[in-house]
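Before any comments, here is the structure.
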Amino acid sequence: MILKLLSEHKTLSNAQLAKLLQVTPKTIRCDLVLLQNERQVIRTHGGVQISAEFDADKYCLDNLLSQLTSNASLSSPSAQTPSKRRGNEMNNKVFILGSFNVDIVSTLERFPQPGETLHALSNNIGAGGKGANQAYAAAKAGANVTFMTKIGKDQFSHFAKEHLATTGINNTIIAESDSSPTGNALIYVCQQTGENMIAVHSGANTEISQQEIIQAEQHIVGADLLLTQLENNIDAVKQAMQIAHAHGVNVVLNPAPYHSETPSLLEYVDMVTPNETEASLMTGIEVTDLNSAKQAAIKISEMGGNKVVITRGAQGVLLYENGRFSEVAAIKCVVTDTTGAGDAFNGALVAQIVKGDSLLDAARFANAYASLAVEREGAANMPDASLVAARL
């Protein structure tokens with residue numbers, strides 16, 4: 001964790017590390033001595049900085065397990081040359097390309113009418129963005145997550161880096177814009193219903209370059225599944241999907257918010273996860289009930305999405321796979337804030353899929369996980385996956 005933090009901040013004090021990792025300064029000093037002996041860091045008065053031989057992944061679990069696997073393979077007389085892809089073997093790796101936003105959330109007794117001013121019951125600033133939320137949920141649900149995003153060089157950039165370093169996401173790739181601010185969202189939450197209204201300023205999220213995607217290619221190719229949404233620039237999303245598709249990596253598209261270019265992406269997609277509104281916009285079929293949802297699912301499948309998962313809020317989830325429908329019933333819960341509910345569902349869904357669950361079992365888990373998420377305030381306040389078993 002120290003190496004991961006230093007890869008983002010370059011220099012940190014002992015006190016900052018102790019606070020971020022919730023250990024004592026003495027513990028930090030012991031680890032820094034070891035890292036200095038390994039020539040990974042240079043200790044300074046009261047702090048530490050990266051060295052010329054710095055390797056952020058030196059002690060990561062994947063790297064150590066890879067070394068162990070490699071040694072075992074070399075010593076085994078039955079070792080065989082691996083194929084280009086792993087076939088049915090999966091290592092729980094999910095690559096998520098997506099947005100990071102700073103959420104400014106106001107809780108109101110009710111939504112204001114046009115021209116009306118209301119006093120907020122509460123106001124707070126937190127982390128959000130569909131990509132970041134889904135990455136956090138997938139990591140909480142047990143997936144090995146690499147999350148790629150782009151932020152600005154502004155007052156929110158340090159907040160973004162600190163948040164992502166402490167979420168449990170395994171690896172973050174953070175590009176920075178010289179011209180645009182970190183994305184942000186203004187969110188109204190109705191206390192009476194838990195429903196929300198959101199206005200997003202994308203900022204740096206829509207400036208991911210072709211070169212930045214190329215630099216992340218090894219992470220995309222090394223994943224079992226790529227999950228993306230549409231809060232980033234479409235050309236970057238499409239490029240990442242093309243790379244994944246060409247190398248046999250499963251591609252899941254959460255088409256939110258809907259974009260006019262969405263249909264052009266479906267040829268690279270293995271699964272699409274719209275809500276009712278997005279399914280309506282994709283197909284021209286107004287989804288108002290189960291029958292219209294089924295019609296929309298069939299049309300989306302014909303457009304290119306092999307598997308279709310339509311989230312229907314209080315009506316549960318509709319699945320369409322291999323010409324067959326399945327339903328997952330909604331779970332009764334005490335709704336506090338629906339912000340990020342779809343993100344919780346998508347993150348948990350892909351986490352279970354890369355573990356080998358069937359689509360139906362993964363959707364059941366994700367549905368329960370999302371029901372736990374809406375009982376909490378804040379889009380990034382994802383629940384512990386250990387609570388899902390009791391909820392089911």
Side-chain angles (χ1 to χ4, degrees), residues 94 96-99 130-131 134 138 225-246 248-330 341-354 357-367 370:
V94 176
I96 298 179
L97 172 66
S99 57
K130 291 184 181 300
Q134 292 177 18
L225 181 150
L226 178 142
L227 169 64
T228 189
Q229 325 76 32
L230 300 176
E231 285 188 330
N232 300 111
N233 43 306
I234 293 296
D235 58 336
V237 171
K238 188 172 185 177
Q239 183 184 358
M241 292 170 67
Q242 288 173 329
I243 291 171
H245 182 73
V249 177
N250 288 327
V251 177
V252 177
L253 173 65
N254 176 220
Y258 179 77
H259 192 283
S260 59
E261 294 295 320
T262 300
S264 69
L265 302 175
L266 296 183
E267 64 179 293
Y268 309 109
V269 171
D270 296 285
M271 182 165 68
V272 192
T273 62
N275 61 21
E276 290 180 311
T277 300
E278 292 145 6
S280 299
L281 291 168
M282 289 177 71
T283 62
I285 299 169
E286 186 178 359
V287 178
T288 57
D289 55 18
L290 179 59
N291 185 54
S292 56
K294 288 182 175 180
Q295 293 177 30
I298 292 171
K299 187 167 182 178
I300 292 171
S301 179
E302 291 171 347
M303 294 166 67
N306 295 328
K307 301 176 183 178
V308 182
V309 178
I310 299 180
T311 54
R312 305 183 59 226
Q315 304 305 314
V317 184
L318 176 67
L319 312 177
Y320 185 64
E321 180 183 18
N322 298 325
R324 295 183 179 180
F325 289 104
S326 302
E327 291 182 69
V328 178
D343 300 331
F345 178 88
N346 276 275
L349 180 73
V350 299
Q352 296 307 113
I353 287 173
V354 296
D357 276 10
S358 67
L359 179 57
L360 180 58
D361 286 342
R364 285 171 176 158
F365 180 97
N367 189 49

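Each residue takes its place number in the sequence, starting with 1.
Side-chain atoms of Asn367 come within 3.5 Å of backbone N or O of Ala329 as a donor-acceptor pair. Side chain of Thr283 to backbone of Ile285: a donor-acceptor contact under 3.5 angstrom is found. Side-chain N or O atoms of Glu231 include one that pairs as donor or acceptor with a backbone N or O of Lys130 at under 3.5 Å. When atom types are taken as modelled, the side chain of Asn275 and the backbone of Thr277 share a donor-acceptor pair closer than 3.5 angstrom.
Annotation: side chain of Met271 is in contact with side chain of Val309 (closest heavy-atom distance under 4.5 Å). Residues Glu302 and Ile298 are in side-chain contact: their nearest non-hydrogen atoms beyond the backbone lie under 4.5 Å apart. Looking only at side-chain heavy atoms (C-beta outward), Gln229 and Leu253 stay at 4.5 Å or farther from each other. A 4.5 Å side-chain heavy-atom check between Glu327 and Leu319 finds every atom pair outside the cut-off. With contacts defined as side-chain heavy-atom distances shorter than 4.5 Å, the pair Lys294/Leu318 qualifies. For the pair Val272 and Met303, the minimum side-chain heavy-atom distance is 4.5 Å or more. Contact check for Ser326 versus Glu321: no side-chain heavy atoms found under the 4.5 Å cut-off. Side-chain contact check for Glu286 versus Ser292: every heavy-atom pair is 4.5 Å or farther apart.
Counted by atom type alone, Asn291 and Asp289 present zero donor-acceptor pairs between their side chains at under 3.5 Å. Side chains of Tyr268 and Gln242: a donor-acceptor N/O pair is present below 3.5 angstrom, by distance only. Residues Gln134 and Asp343 bring a donor and an acceptor atom of their side chains to less than 3.5 Å of each other. Looking at Asn346 and Thr273, their side chains do bring a donor and an acceptor atom within 3.5 Å of each other.
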Met241/Leu226 under side chain to side chain contact (heavy atoms under 4.5 Å, CB included): CA gap, chis, key distance, verdict:
CA-CA 7 Å; Met241 292 170 67; Leu226 178 142; 4.3 Å; yes
Working note: Thr262 + Glu278, criterion side chain to side chain contact (heavy atoms under 4.5 Å, CB included); need CA distance, chi angles, decisive distance, verdict.
CA-CA 10 Å; Thr262 300; Glu278 292 145 6; over 6 Å; no
Derivation and outcome, side chain to side chain contact (heavy atoms under 4.5 Å, CB included), residues Ile310 and Val317:
CA-CA 6 Å; Ile310 299 180; Val317 184; over 6 Å; no
Quick one: do Leu225 and Val252 satisfy side chain to side chain contact (heavy atoms under 4.5 Å, CB included)? Show the steps, please.
CA-CA 7 Å; Leu225 181 150; Val252 177; 3.8 Å; yes
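Relative ring orientation between Phe325 and Tyr320 is described as tilted, the plane-to-plane angle lying within the 30° to 60° band.
Shortest non-hydrogen contact noted between His245 and Val251 is N-CG2, 4.1 Å. The two residues Ala370 and Ala344 have their closest heavy-atom pair at CA-CB, 4.2 Å.
Going from atom CG of Leu97 over to atom CG of Leu227 covers 9.5 Å, rounded to the nearest 0.5 Å.
Note on Asp361 versus Arg364: salt bridge recorded, some NZ/NE/NH1/NH2 to OD/OE distance being below 4.0 Å.
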